[in-house]
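In what follows, a single structure is set out as structure tokens and then discussed.
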Amino acid sequence: MGLKVSSSLLCLTILLAVSSIVSAVNITRVLEKYPEFSTMMELLAKTELTPIINKRQTITVLALSNDAIGSISGRPEEELKNILMNHVVLDYFDELKLKALREKSTLLTTLYQSTGLGQQQNGFLNCTKSNGKIYFGSGVKGAPQTAEYITTVFRNPYNLSVVQISMPIVAPGLGSPVKVPPPPPMTSPPAPSPKKGAATPAPGPAEEEDYADAPPGAAPETAPASAPSDDSPAPAPDKSGKKKMAAADEAEPPSSASNAGLSFGAVLVLGFVASFVGF
């Protein structure tokens with residue numbers, strides 16, 4: 001009976017050990033899969049925070065890309081360690097849990113607060129929801145909320161989550177604040193390429209009705225380019241036209257009335273001559 005109990009206890013111990021190994025947090029193994037966070041992985045090792053993080057069972061690391069962490073990477077080691085501890089939240093959060101927060105502002109406990117060095121809530125973070133976006137900042141009253149949530153890089157519910165934020169969080173008393181990077185410059189859109197030729201627009205409904213009312217074969221009426229107004233003076237008569245008309249009148253043959261007059265005169269002369277010869 002005692003042997004069976006001992007065997008059961010041994011199996012249970014092995015099972016718990018295996019489960020703890022499987023669920024153990026290892027921030028180095030996670031971050032080494034993402035080259036864009038290689039600088040943060042090196043700084044966690046340099047400040048000896050890696051083993052402290054790996055001892056935790058439930059953790060959320062607010063990760064900074066190589067470009068974003070550059071603004072604090074050159075600071076003294078002790079100052080850098082305190083700042084990085086403020087990026088380790090002692091709870092599990094991923095995108096689903098962050099977006100499900102009902103309160104507009106939630107206070108989160110960090111690894112720095114667990115050291116007992118936190119003063120005036122600089123060991124807490126404030127998570128704020130505004131206009132559909134999520135921001136992080138120091139829990140100190142009046143501290144700016146400027147670190148924007150970008151994405152969830154890694155999640156292992158409910159042990160380890162790596163959440164990317166836009167910029168470092170430096171709480172008052174832990175170092176000089178980091179300036180918010182300026183927005184990227186606006187680029188003007190390229191000018192549209194010139195069109196080869198404007199297509200002739202199709203006639204509208206009104207034009208189609210006008211065409212339908214016109215007789216077959218008739219072209220649509222178009223307004224003259226420049227119609228003369230009523231007040232404009234009449235065109236001056238062409239003098240060359242008068243000369244031509246006069247020349248034409250002089251060249252005209254005798255009219256039929258003048259021909260009839262000549263014939264009547266000839267008959268009278270002939271009759272007179274005939275009567276004279278008869279006498």
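Sequential numbering from 1 along the given sequence is applied to the chain's residues.
- Both V163 and V25 are members of a single hydrophobic cluster when ILVMFWY side chains are connected at heavy-atom separations under 4.5 Å.
- In this structure, the side-chain hydrogen bond (donor to acceptor under 3.5 Å, both in side chains) partners of T39, at least two apart in sequence or on a different chain, are N66.
- N156 contributes no side-chain N or O that, together with a main-chain N or O of N159, makes up a donor-acceptor pair within less than 3.5 Å.
- Judged by distance alone, with hydrogens and angles left aside, the side-chain atoms of S166 form a donor-acceptor pair with the main-chain N or O of E148 at under 3.5 Å.
- For the 3.5 Å distance criterion, the side chains of N126 and S105 qualify, holding a donor opposite an acceptor.
- Hydrophobic cluster membership differs between V140 and V178, with clusters built from Ile, Leu, Val, Met, Phe, Trp and Tyr side chains linked at under 4.5 angstrom.
- Between atom CG of residue L107 and atom OG1 of residue T128 there is a gap of 9.5 Å, rounded to the nearest 0.5 Å.
- Under a hydrophobic clustering in which Ile, Leu, Val, Met, Phe, Trp and Tyr are joined whenever their side-chain heavy atoms come within less than 4.5 Å, directly or via other members, L101 and L108 fall into the same cluster.
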Problem set entry | Chi angles and distances behind the side chain to side chain contact (heavy atoms under 4.5 Å, CB included) call for L62, L125 | CA-CA 11 Å; L62 305 182; L125 292 182; 3.5 Å; yes
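- With sequence neighbours left out, I52 forms a side-chain contact (heavy atoms from CB on, under 4.5 Å) with L49, L111.
- Criterion: ILVMFWY side-chain heavy atoms under 4.5 Å apart, direct or through other members. Under it, V61 and I150 are not part of a common hydrophobic cluster.
- The ring-ring contact (aromatic ring centres under 6.0 Å, His included) pairs that include a residue from residues 103-144 number zero, where partners must be two or more places apart or lie in different chains.
- By the side-chain hydrogen bond (donor to acceptor under 3.5 Å, both in side chains) test, Y92 pairs with D94, sequence neighbours left out.
- Ion pair E42/K46 not flagged as a salt bridge, since none of the NZ, NE, NH1 or NH2 atoms sits closer than 4.0 Å to an Asp/Glu carboxylate oxygen.
- Every salt bridge (Lys or Arg N to Asp or Glu O under 4.0 Å) that D91 has, sequence neighbours left out, goes to K97.
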For this session: Kindly indicate, with the supporting measurements, whether the criterion side chain to side chain contact (heavy atoms under 4.5 Å, CB included) is fulfilled by L90 and T58.
Result: CA-CA 6 Å; L90 303 182; T58 302; over 6 Å; no
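- When the side-chain hydrogen bond (donor to acceptor under 3.5 Å, both in side chains) test is applied to E79, the partners found at least two apart in sequence or on another chain are R75.
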Exercise. Between T110 and H87, is a side chain to side chain contact (heavy atoms under 4.5 Å, CB included) present by the stated rule, with each step listed?
Worked result: CA-CA 7 Å; T110 69; H87 288 70; over 6 Å; no
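- Within a 6.0 Å radius of CD in Q119, no more than 12 heavy atoms belonging to other residues, nucleotides or ligands are found.
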